[in-house]
Number of protein chains: 2
Amino acid sequence: MNQNYNMPTSTEEDYIKAIFKITERNQGTASTNAVAAHLSTSAASVTDMLKRLSEKEYFHYEKYKGVYLTNKGRELATQLIRKHRLWEYFLVEKLNFNWDEVHDIAEQLEHVKSDKLIEKLDSYLDHPKYDPHGDPIPNAEGKFTIRTQISLFNLAVGEEAVVVGVKEHDTPFLQYLDQLKINIGTKLKVISQIDFDHSKEILIDNNSQSVLSHKASTNIYVKKRMFS
Amino acid sequence: MNQNYNMPTSTEEDYIKAIFKITERNQGTASTNAVAAHLSTSAASVTDMLKRLSEKEYFHYEKYKGVYLTNKGRELATQLIRKHRLWEYFLVEKLNFNWDEVHDIAEQLEHVKSDKLIEKLDSYLDHPKYDPHGDPIPNAEGKFTIRTQISLFNLAVGEEAVVVGVKEHDTPFLQYLDQLKINIGTKLKVISQIDFDHSKEILIDNNSQSVLSHKASTNIYVKKRMFS
DNA sequence: AGCCTAATTTAGAATAGCCTAAAAATATTT
DNA sequence: AAATATTTTTAGGCTATTCTAAATTAGGCT
């Protein structure tokens, strides 16, 4: 579907994506307030939009009950995530952007309408499975490659693992990791554990050592063995 | 300038670009009707827009007199053309699009707001000077690399030249050239000239022969010697 | 100098998306 | 179950962009 009469606008796409992200966590339905918070807009605007948009069958909306996506809506959301993550991959791998700089640009690029573009981009990038933050990129059919991963927080003293992703994507956190030379693929080993505040002493790539707070370690996803 | 409060909207950018293109041909000013035709909108909408937009100082507007760009406007238009042509180059050279498919996609991509993006894209593409249709890509300072070129129509019988560009960019014309295996860089030689309708018999890359109509030959730009 | 036509502008209205303030419904506490 | 707090919706309004139809102006022709 390429540039049709009935294409969703960028704003509509943002709503669908927000609903998708919220319903992924909150089993099934998204509240008006949650959507408003996610899009930094008012609850009144959201109600307005939901009423109009629900006619397009991307989701079911019932007054005071919140919304949940239809298959059509879920498909659209998945394709948007696919586009977003492919563009992020492009920006980092090809244009040498840092992983903390790409979100806003990808947010714009994901709204470009052309199926052919995204399929060609995907081929050009050699069908990447994960974006620069380790998040899975759905394929053209919308399937995500699920990976077994645990939070660094759950790694015991003495255990080793490789970084495969991050939970939060905000710039300060990503820059902090850069500083520690922690990136996707970095090998980490838990040296010791401070029970008092749940922080951990970590050996980074058999090289440097750092103490990571509870908050930091829950935000880092690792995998115990590579290629599994 | 990156995503400011006072950024021009996509629509505003389209107006500036239209005015730029019209004033390039029609020494200096663009009429309301010309802008309307260029943007496929009504003259009334254009008047409306011009009145509001002229406050942003991209151009001078005087009732019933048409508009002409200020330096600020000309600079914006040039940057938009830069973005458009760089993206076209990317689409053809990296993603393997055909030269007749890229316009609409580039039209969307050019509105993405990020100075850093376009500079990194430029570096990644190795600072191309011409887009896939042979049109010059302005550099970051807005300077175009001007090339001496003539219309194929002005080539005399027996003369040889290399294709460097096309005047019209519409899909059927470009596909017609593809069919004839005429592209940027193709060597052409005028075999004979039919006085009756000004068509020409052409030898293409020392290979095939075709008759090109007057219309076709005026639409092809060539250069007599390469690298000059 | 006046008329005609084409170009341009004004007037009035529609739509998408947003807002604030007030009202209504739902959820939570007591 | 009543009272209170929270969430959601409605009402009314704003701006950007577009439209059609009507009015105005400019420029050319007699």
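Proteins come first, then strands; the chains are lettered A, B, ... in the order of their sequence lines, and each starts at number 1. Computed over heavy atoms, backbone and side chain alike; hydrogens, waters and symmetry mates excluded.
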Would you say [N] has OP1 or OP2 under 4.0 Å from some side-chain N or O of [X]?
| X | N | result |
| --- | --- | --- |
| B:T41 | D:dC19 | yes |
| B:T9 | D:dA16 | no |
| A:K51 | D:dT10 | yes |
| A:Y64 | C:dA23 | no |
| A:Y61 | D:dT9 | yes |
| A:S45 | C:dC18 | no |
| B:T47 | C:dT10 | no |
| A:Y15 | C:dA16 | no |
| A:K63 | C:dT26 | no |

Write down the distance between [atom1] ([X]) and [atom2] ([N]), rounded to a whole number of angstrom.
| X | N | atom1 | atom2 | result |
| --- | --- | --- | --- | --- |
| B:N33 | C:dT9 | CG | C1' | 12 Å |
| B:K56 | D:dA16 | NZ | C1' | 10 Å |
| A:L50 | C:dC18 | CG | C1' | 14 Å |
| A:D48 | C:dA16 | CG | C1' | 10 Å |
| B:L39 | D:dC19 | CG | P | 10 Å |
| B:L53 | D:dA16 | CG | C1' | 11 Å |
| A:R52 | C:dA14 | CZ | C1' | 13 Å |
| A:M49 | D:dT8 | CE | C1' | 18 Å |

* Asked: Do the ring planes of B:W87 and B:F90 sit parallel (below 30°), tilted (30 to 60°) or perpendicular (above 60°)?
  ->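 The rings of B:W87 and B:F90 stand perpendicular, inter-plane angle above 60°.
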*Using the ring of each side chain (for Trp, its six-membered ring), is A:H103 parallel, tilted or perpendicular to A:H84, with breaks at 30° and 60°?*
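The rings of A:H103 and A:H84 sit tilted, inter-plane angle from 30° to 60°.
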- Task: Would you confirm whether B:T32, through its side chain, and B:A43, through its main-chain N or O, come within 3.5 Å as a donor-acceptor pair?
- Result: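 Between the backbone of B:A43 and the side chain of B:T32 there is no qualifying donor-acceptor contact (under 3.5 Å).
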(Q) Under 4.0 Å, heavy atoms only, any strand: does B:S42 hit a base, just the sugar-phosphate, or nothing? (A)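 Result for B:S42 = base.
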Looking at B:K113 and B:E13, does any basic side-chain N land under 4.0 Å from a carboxylate oxygen?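 A salt bridge is present here (some side-chain N lies under 4.0 Å from a carboxylate O).
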State whether B:E119 and B:R82 are salt-bridged, where the test is any N-O pair (Lys NZ or Arg NE/NH1/NH2 against Asp/Glu carboxylate O) under 4.0 Å.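 Looking at B:R82 together with B:E119, the answer is yes, because their closest N to O distance falls below 4.0 Å.
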B:T41 vs B:Y15, side chain to side chain contact (heavy atoms under 4.5 Å, CB included): CA-CA, chis, key distance, verdict: CA-CA 11 Å; B:T41 184; B:Y15 272 86; 4.1 Å; yes
I want to confirm an ordering. Mapping B:G66 and A:A44 to their closest nucleotides on DNA chain C, which one lands closer to the 5' end?
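The residue mapped nearer the 5' terminus is B:G66.
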Most 5' of A:K65 and A:E12 on DNA chain C, judged by nearest nucleotide:
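The residue whose closest nucleotide sits nearer the 5' end is A:E12.
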Any strand counts, and the cut-off is 3.5 Å on both contacts for Watson-Crick or G-U wobble. Which nucleotide pairs with D:dT30?
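In the structure as shown, D:dT30 has C:dA1 as its Watson-Crick or wobble partner.
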